[in-house]
Amino acid sequence: MTGIPVSDIKKIIVACDAGMGSSVMLAGTLKRQLKNTGVIVEHAQVSAIPADADLILTQQSLAERARAAAPGKPVVTFQIFLGDPAVNKVVKAVKEGGTIDV
Amino acid sequence: MSDTADGLLTEQAVRFGVHAADRYDAVRQCGELLVAVGAVTEDYVPAMREREDEISTHIGAGVAIPHSTAAGKKYVRRDALAVLVLAEPVDWGEGEQVSLCVAIAALGDRHLDILAELAEVLMDPDRAEQLHLATTAGEVIRLLQPEGKAENV
């Protein structure tokens, strides 16, 4: 497990299969939570992760596809959509500074 | 006029007391409601079931958000949401019970705000209960109305 400094994170991508449901909801929630931090939050299909993504959030079951689609990018996985501890940790780290374990 | 300000969720797209035999029946009825409001073509309905089979759309707090696979997007005619309030909860797998479905048809990003609002409502036990107990389309729409875009009602 390595930690990446949050100062390196400018853009977070929430990835899911269709980019229509769960990832959109989580992206919307994160956008609100990170509103004043300058970090951009977008969602994307797991097969079309933008090259300038600094951090990828995705469901556990899609982690392998995300890693294959964006080699070398840090991936944080979550299991639940509402209040997942892994997602909360990312929010807290971005707001307060520090590192994110990936 | 009590649809959401962005027009994505209309009163005609909210149904109460829906009887569903099981999870797939609920998803099918979600699809048919999206067809009925002109948001998708018939072909969207099986694509929603396919998506449900891949990964459950259950999100917690007794709510699921059925939608299609990436391949099903071509059957979307316009961005829209639909809400199905079930007469009795159905088993959504892994021991989860769902009693409210928010069905999604979307090509773009316009529904991001409503879904963010839904997430906030569901994380607030009082508002989540209000959503589950709502009996009119107006109440559901008011609860999901993104903050800062509320109408003068």
Side-chain angles (χ1 to χ4, degrees), chain A residues 11-37 39-50 53 57-66 68-70 75 77-92, chain B residues 8 27 30 34 40 44 47-48 50-76 79-81 94 96 101-125 128 144 146-148:
Chain A
K11 188 187 253 189
I12 297 175
I13 294 292
V14 185
C16 87
D17 174 55
M20 197 191 291
S22 43
S23 67
V24 177
M25 190 174 76
L26 186 58
T29 309
L30 285 178
K31 239 181 200 173
R32 289 183 178 190
Q33 289 174 332
L34 300 179
K35 200 162 55 187
N36 300 315
T37 63
V39 174
I40 297 166
V41 182
E42 289 176 1
H43 66 90
Q45 290 180 23
V46 71
S47 55
I49 295 168
L57 293 182
T58 195
Q59 275 164 279
Q60 191 93 62
S61 50
L62 291 175
E64 286 317 308
R65 280 168 67 188
V75 175
T77 62
F78 59 88
Q79 276 172 311
I80 52 174
F81 293 107
L82 303 171
D84 192 288
V87 176
N88 290 343
K89 261 193 201 165
V90 169
V91 170
K92 193 166 183 282
Chain B
L8 292 178
V27 171
C30 280
L34 288 172
V40 299
Y44 191 78
M48 290 175 81
E50 223 177 279
R51 171 60 176 81
E52 200 61 56
D53 264 340
E54 279 173 15
I55 311 167
S56 165
T57 61
H58 170 258
I59 54 169
V63 175
I65 53 169
H67 55 275
S68 81
T69 54
K73 278 193 174 187
K74 57 179 175 286
Y75 307 121
V76 176
D79 292 6
L81 302 177
E94 294 171 9
E96 301 293 350
C101 297
V102 179
I104 304 166
L107 292 171
D109 241 1
R110 294 178 52 223
H111 60 310
L112 186 140
D113 241 357
I114 290 189
L115 290 189
E117 197 65 35
L118 174 64
E120 277 179 24
V121 167
L122 297 180
M123 283 189 280
D124 173 344
L144 297 183
E147 271 169 38

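All chains are named by letter (A, B, ...) in the order of the sequence lines, taking the proteins before the strands, and each is independently numbered beginning at 1. Predicted, not measured: the structure shown is a model, and the values here were computed from it.
- The two residues A:Gly21 and B:Ile104 have their closest heavy-atom pair at CA-CD1, 3.7 Å.
- There is no contact between B:Thr57 and chain A, counting heavy-atom distances below 4.5 Å.
- More than 12 heavy atoms of other residues, nucleotides or ligands lie within 6.0 Å of NZ in A:Lys11, so this atom counts as buried by the packing criterion.
- Heavy-atom distances place the side chain of B:Ile55, and not its backbone, under 4.5 Å from chain A.
- Side-chain contact between B:Arg51 and A:Met20 is absent, with no heavy-atom pair separated by less than 4.5 Å.
- For A:Ser22, the parts sitting under 4.5 Å from any heavy atom of chain B are the backbone and the side chain alike.
- In terms of heavy-atom pairs under 4.5 angstrom with chain B, the leader among A:Arg32, A:Lys31, A:Glu42 is A:Arg32.
- Residue A:Gln59 touches chain B through its side chain alone, counting heavy-atom pairs closer than 4.5 Å.
- Within the 4.5 angstrom heavy-atom criterion, only side-chain atoms of B:Glu54, from C-beta onward, approach chain A.
- Here the closest non-hydrogen pair linking A:Leu82 and B:Leu122 is CD1-CB, 3.8 Å.
- Considering all non-hydrogen atoms of both residues, B:Ala116 and A:Gly28 come closest at CB-C, 3.5 Å.
- Heavy-atom distances place the side chain of B:Ile65, and not its backbone, under 4.5 Å from chain A.
- Looking at A:Ile80, there are no atoms closer than 4.5 Å to chain B (heavy atoms on both sides), in backbone or side chain.
- Neither the backbone nor the side chain of A:Leu26 comes within less than 4.5 Å of any heavy atom of chain B.
- With hydrogens and angles disregarded, no donor-acceptor distance shorter than 3.5 Å links the side chain of A:His43 to the backbone of B:Asp109.
- In terms of heavy atoms, B:Met123 sits closest to A:Gly83 at SD-N, 3.8 Å.
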